[in-house]
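Take a look at the structure below.
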2 protein chains.
Amino acid sequence: MQMKTGVEQSVYAILILNMLPDKAVLPGEAISQQLGASPTYFQKLLRKLVSADLITSVPGVKGGFKLRKKPEDIRVYDIYLAIEGKQSLYSSSGVLHGMLDLEEENSCCLLTNLMEEAESSWKSVLKRETVASLYEEINESYPLKVQLLQEWIKEKMVL
Amino acid sequence: MQMKTGVEQSVYAILILNMLPDKAVLPGEAISQQLGASPTYFQKLLRKLVSADLITSVPGVKGGFKLRKKPEDIRVYDIYLAIEGKQSLYSSSGVLHGMLDLEEENSCCLLTNLMEEAESSWKSVLKRETVASLYEEINESYPLKVQLLQEWIKEKMVL
DNA sequence: ATAATAAGGATAATCATTATCCGCTTTAGT
DNA sequence: ACTAAAGCGGATAATGATTATCCTTATTAT
């Protein structure tokens with residue numbers, strides 16, 4: 001039971017896009033290189049972020065990606081959800097049914113309630129932090145490195 | 001990102017063992033049949049529960065498994081931990097490092113803190129419920145079915 | 001001694017995740 | 001209009017974790 005690495009990559013990808021000037025756009029390949037991710041698969045991740053309305057894509061020769069929302073309005077949870085999907089961490093396999101030989105009607109499952117509560121507790125923490133607050137943190141911790149990243153972005157961005 | 005089905009099976013296995021009279025023991029194969037689980041793989045799960053000191057095993061011709069602790073002292077979390085292991089839900093792949101070209105020293109990772117907090121929030125819910133409370137619930141919901149299960153246990157148990 | 005059971009290792013089957021490839025569409029620049 | 005650079009979407013392969021099976025050994029009641 002491990003979170004997909006795609007979530008981590010997506011969060012940092014969005015942090016990079018957050019540093020992009022307005023109207024500018026960054027090609028997916030540039031981002032994947034900076035993150036050390038597989039370019040082709042990383043494009044699939046970006047697609048999911050687009051589908052989730054977190055970023056927008058511009059096709060064509062000067063195309064690329066940029067944020068769709070303000071960083072304060074993108075929660076880590078949104079990114080998690082975009083990549084992992086809405087499927088819950090636990091899904092009953094009906095073991096209780098077999099064990100007690102239950103009728104179809106009463107399909108309740110002891111564990112399901114508890115697990116749902118646990119999951120929503122987990123999610124609520126992910127909902128607290130936004131891209132804006134992450135960027136603040138990272139900028140306070142490594143202002144110099146962020147500066148360098150800014151310059152790299154200016155090289156690679158288009159428009 | 002899905003919890004192993006082994007967690008669900010283990011929880012219900014332990015609920016069955018909880019209904020076992022003192023000194024009695026239940027063969028692993030009987031349990032797996034009742035749960036509709038693969039017998040050989042289910043034995044592996046039982047081994048993990050033994051290693052975690054949640055149940056004890058008795059080898060030999062009248063052998064089987066029984067609870068090691070009182071049901072009030074077995075939390076759902078203990079079972080989860082026994083099966084899933086202590087590995088956390090999120091583990092950083094060092095994407096941030098590559099992105100900012102960080103030195104080894106400052107190996108902190110933005111996301112790791114948040115994810116750890118989320119995970120401990122998730123776990124704290126699993127720590128609330130015990131086998132005893134689960135048994136109460138199930139017995140209140142399906143007293144008749146539990147009765148039937150009791151009888152089945154009396155047939156299958158040994159010692 | 002035999003039979004039933006757990007223990008443990010090796011290995012296979014299955015499934016989700018990650019990765020690659022290819023053909024298509026869109027658009028800026030010439 | 002043509003070309004090149006980018007995103008889009010489908011098919012498919014590679015990888016890795018989970019689940020499942022098999023076989024051999026150890027333990028113990030009869």
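Numbers restart at 1 for each chain; the letters A, B, ... are given by sequence-line order, proteins then strands.
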Open item on the list: What I want to check is whether the side chains of A/S92 and B/E8 have a donor and an acceptor closer together than 3.5 Å.
Closed with: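 Yes, because at least one side-chain N or O of A/S92 sits under 3.5 Å from a partner of the opposite role on B/E8.
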
Open item on the list: I need the A/N18 CG to A/K69 NZ distance, nearest 0.5 Å.
Closed with: 14.0 Å

Open item on the list: So, taking the atom named CH2 in A/W152 and the one named CE in B/M99, what distance separates them when rounded to the nearest 0.5 Å?
Closed with: 9.5 Å

Task: Partner residues of A/E136 under the salt bridge (Lys or Arg N to Asp or Glu O under 4.0 Å) criterion, sequence neighbours left out - done: none

TODO: Spell out, yes or no, whether B/L89 and A/L114 are grouped together once hydrophobic residues are joined by side-chain heavy atoms under 4.5 Å, including indirect joins.
DONE: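 Looking at the clustering, A/L114 is in the same group as B/L89.
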
- [ ] Group every Ile, Leu, Val, Met, Phe, Trp and Tyr by side-chain heavy-atom contacts under 4.5 Å, then state whether B/V25 and B/F42 land in the same group.
- [x] no

Open item on the list: If the test is side chain to side chain contact (heavy atoms under 4.5 Å, CB included), which one of A/L17, A/I79, A/V76 qualifies with A/V131?
Closed with: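 Of the listed residues A/L17, A/I79, A/V76, the side chain to side chain contact (heavy atoms under 4.5 Å, CB included) partner of A/V131 is A/I79.
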
Using a 3.5 Å cut-off and no angle test, enumerate the donor-acceptor pairs between side-chain atoms of residues 49-63 of chain B and protein atoms at least two apart in sequence or in another chain.
{"unit_1": "B/S51", "atom_1": "OG", "unit_2": "B/R47", "atom_2": "O", "d": "3.1"}

Task: Distance, rounded to the nearest Å, where A/M157 contributes CE and D/dA6 contributes P - done: 15 Å

Task: Nucleotide C/dT18, atom P - distance to CD of A/Q2 in whole Å - done: 10 Å

Open item on the list: Quick check with a 6.0 Å cut-off and a 45 degree axis cone: is A/K127 positioned over the face of A/Y77's six-membered ring?
Closed with: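 Relative to the ring axis of A/Y77, which defines the angle, A/K127 lies inside both limits.
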
TODO: Name all residues meeting the side chain to side chain contact (heavy atoms under 4.5 Å, CB included) criterion together with A/S121; count only those two or more places apart in sequence or in a different chain, and write none if there are none.
DONE: B/S121, B/V125

- [ ] List in chain and number order the residues that pass side chain to side chain contact (heavy atoms under 4.5 Å, CB included) with A/Q33, two or more places apart in sequence or in another chain; answer none if no residue qualifies.
- [x]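 A/Q33 satisfies side chain to side chain contact (heavy atoms under 4.5 Å, CB included) with A/E29 once adjacent residues are dropped.
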
TODO: Estimate the overall bend of the helix from C/dA1-D/dT30 to C/dT30-D/dA1 from the end axes over five pairs each, rounded to 10 degrees.
DONE: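 Here the helix ends are tilted 0° relative to one another.
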
- [ ] With a 4.0 Å heavy-atom cut-off, tell me which residues in residues 76-92 of chain A come close to DNA chain C, sorted by residue number.
- [x]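 Hits under 4.0 Å, by residue number: none.
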
TODO: Mind running a 4.0 Å heavy-atom check of residues 33-51 of chain B against DNA chain C and sending the residues that fall below it, in number order?
DONE: B/Q43, B/K44, B/R47

Closest contact, heavy atoms only, [X] versus [Y]:
| X | Y | result |
| --- | --- | --- |
| B/S88 | A/Q2 | O-OE1, 3.1 Å |
| B/A118 | A/L126 | CB-CD2, 3.9 Å |
| B/V146 | B/I138 | CG2-O, 3.9 Å |

TODO: Taking only heavy atoms on the protein side, list every residue of residues 64-71 of chain A lying under 4.0 Å from any atom of DNA chain D, sorted numerically.
DONE: A/G64, A/F65

Open item on the list: Any residue in residues 3-27 of chain B with a heavy atom nearer than 4.0 angstrom to DNA chain D? Just list them by number, or reply none.
Closed with: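 Heavy-atom cutoff 4.0 Å gives B/K4, B/T5.
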
Task: A/L67 vs A/L20, side chain to side chain contact (heavy atoms under 4.5 Å, CB included): CA-CA, chis, key distance, verdict - done: CA-CA 8 Å; A/L67 284 197; A/L20 206 55; over 6 Å; no

Open item on the list: Going by salt bridge (Lys or Arg N to Asp or Glu O under 4.0 Å), name the pairs with one or both residues in residues 78-97 of chain A, residues two or more places apart or in two chains.
Closed with: A/R75-A/D78

With the criterion being N/O to N/O and under 3.5 Å, what pairs connect the protein with nucleotides 27-30 of chain C, and how long is each?
{"unit_1": "C/dT27", "atom_1": "O2", "unit_2": "A/V61", "atom_2": "N", "d": "3.3"}
{"unit_1": "C/dG29", "atom_1": "OP1", "unit_2": "A/K62", "atom_2": "NZ", "d": "3.1"}

Task: With B/K66 via side chain to side chain donor-acceptor pair (under 3.5 Å) - residues at least two apart - done: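 Counting only residues at least two positions away or on another chain, B/K66 forms no side chain to side chain donor-acceptor pair (under 3.5 Å).
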
